[in-house]
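Counting starts at 1 for both ligands and their atoms, following the listed order. As a basis for the values below, the full set of heavy atoms in this structure was taken, side chains included, without hydrogen atoms, waters or symmetry mates. None of these values were measured; they are calculated from a predicted model.
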Amino acid sequence: MAKFKVFITRRIPQEGIDLLETVADVEINPEDAPLPRPLLLEKAAECDAMIGVLTDRINGEFFDAAKNLKGYANYAVGYDNIDVNEATRRQIPVSNTPGVLTTATAECAWALLFSVARRVVETDHIMRSDKWTGWGPLQFIGGDIKGKTLGIVGAGRIGTEMALMSRGFDMPVLYTSSSGRTNGALEAELNAELVSFEELLKRSDFISLHAPLTPTTKHMFDESAFSLMKKTAYLINTARGPVINEADLVQALQSGEIAGAGLDVYENEPAMAPGLAELDNVVILPHIGSATKSSRTNMATMAARNIIAMLKGETPETCLNPEIFT
Ligand code: DGY
């Protein structure tokens, strides 16, 4: 009997590929680069299932091309690149990779927080460029961390983990909730306070952004949000770039409206807003939140298990539209 055909749009850790090869012939984009759109549509037409990444747009045009598709697995927890309603309308299961990258992404948010507050990257450059003239009492003064207020926007899995990691730094924690539901873990463990977005902006010394990108959260951080933040506050983003209006952020960082920012994601990746890279009060990473060995490996095996279930007509473990199986 002919084996299923699975296409993977970007090479993922081998453990996921090995798992898929037990049930399917697997083809992988040979380039370590995003698959050009025409090729994505061509491959969609040929395969039974596909694993894709956050740069692939999985929309009506994709599903029109994907005549035999029995399922699509996103190699990411964020799924703003997928039109889930369109998939559901066509009875095609789609999945993501929640849980396995929670700790890695929360750790990345902390790496950004420490780096920007204590000017780690800026001063590393000074050392490397041989510009340090020796110790001085007024040099490179950064922001305090212990005891400062941490605001979490989007207290889901990653936001909660990031906040829980503040234990040891005695930080009062504020959080927002789009559903209005309280976060039991944060309230029990940290005495965290559920507040409005506006109150969080006004009271936080560090704001860590973990909300998904949706039409509601797009440009949630814009000029008016920055104007409510403390001038001494820092903004950390490991979620999705377009939640911040990046041009407004550059302006806020240049004018001293806020003290600094730590960014792992950008509005138009891989590009950055003009002026951002020239600023000393921003730390910029190339979207590496989930980039640890175990996270990326577990994302690969989770995506593979999801595809295997989809090929069998079963509900995948982290299905975004499970209602199609009822
Ligand atoms: C995700 O999973 O959504 C990250 O942005 C990439 O791992």
Side-chain angles (χ1 to χ4, degrees), residues 8-17 28-29 32-35 50-59 72-84 87 94-113 152-162 165 178 208-218 220-221 235-244 246 261-272 283-307 316-321:
I8 309 180
T9 68
R10 191 89 187 245
R11 182 164 283 281
I12 60 171
Q14 191 58 37
E15 288 84 343
I17 298 165
I28 305 163
N29 172 9
D32 189 19
L35 196 68
M50 187 180 273
I51 295 182
V53 295
L54 52 88
T55 46
D56 300 318
R57 259 181 312 112
I58 307 304
N59 56 7
Y72 169 85
N74 218 31
Y75 183 77
V77 65
Y79 55 90
D80 46 281
N81 60 314
I82 309 175
D83 186 337
V84 178
V94 289
S95 65
N96 66 340
T97 60
V100 290
L101 46 75
T102 301
T103 302
T105 309
E107 287 170 350
C108 184
W110 278 100
L112 285 166
L113 188 155
I152 302 286
V153 173
R157 282 185 208 85
I158 300 171
T160 300
E161 179 83 345
M162 198 277 173
M165 286 175 178
S178 56
S208 193
L209 181 41
H210 300 283
L213 173 61
T214 66
T216 317
T217 62
K218 183 164 186 212
M220 188 178 193
F221 280 83
L235 177 63
I236 309 299
N237 188 10
T238 52
R240 284 290 182 266
V243 180
I244 295 178
E246 212 166 282
L263 307 175
D264 186 42
V265 288
Y266 306 88
E267 215 177 323
N268 297 300
E269 295 180 8
M272 285 183 284
V283 174
I284 44 181
L285 300 180
H287 203 149
I288 57 166
S290 65
T292 69
K293 176 104 178 71
S294 70
S295 282
R296 290 282 168 90
T297 302
N298 291 333
M299 288 164 71
T301 51
M302 178 177 267
R305 288 196 305 276
N306 280 331
I307 290 287
E317 113 194 32
T318 56
C319 195
L320 292 165
N321 50 358

Got a donor-acceptor contact below 3.5 angstrom from the [X] side chain to the [Y] backbone?
| X | Y | answer |
| --- | --- | --- |
| E161 | T103 | no |
| N74 | G78 | yes |
| Y75 | R296 | yes |

- Would you say the side-chain atoms of S294 and T297 include a donor-acceptor pair closer than 3.5 Å? no
For E15, the side chain to side chain donor-acceptor pair (under 3.5 Å) test, sequence neighbours excluded, returns none
One should read off an interatomic distance between T238 OG1 and H287 NE2, to the nearest 0.5 angstrom, of 8.5 Å
Pocket residues around ligand 1 (non-hydrogen, under 4.0 Å) come out as L54, A76, V77, G78, L101, R240, H287, S290, M299
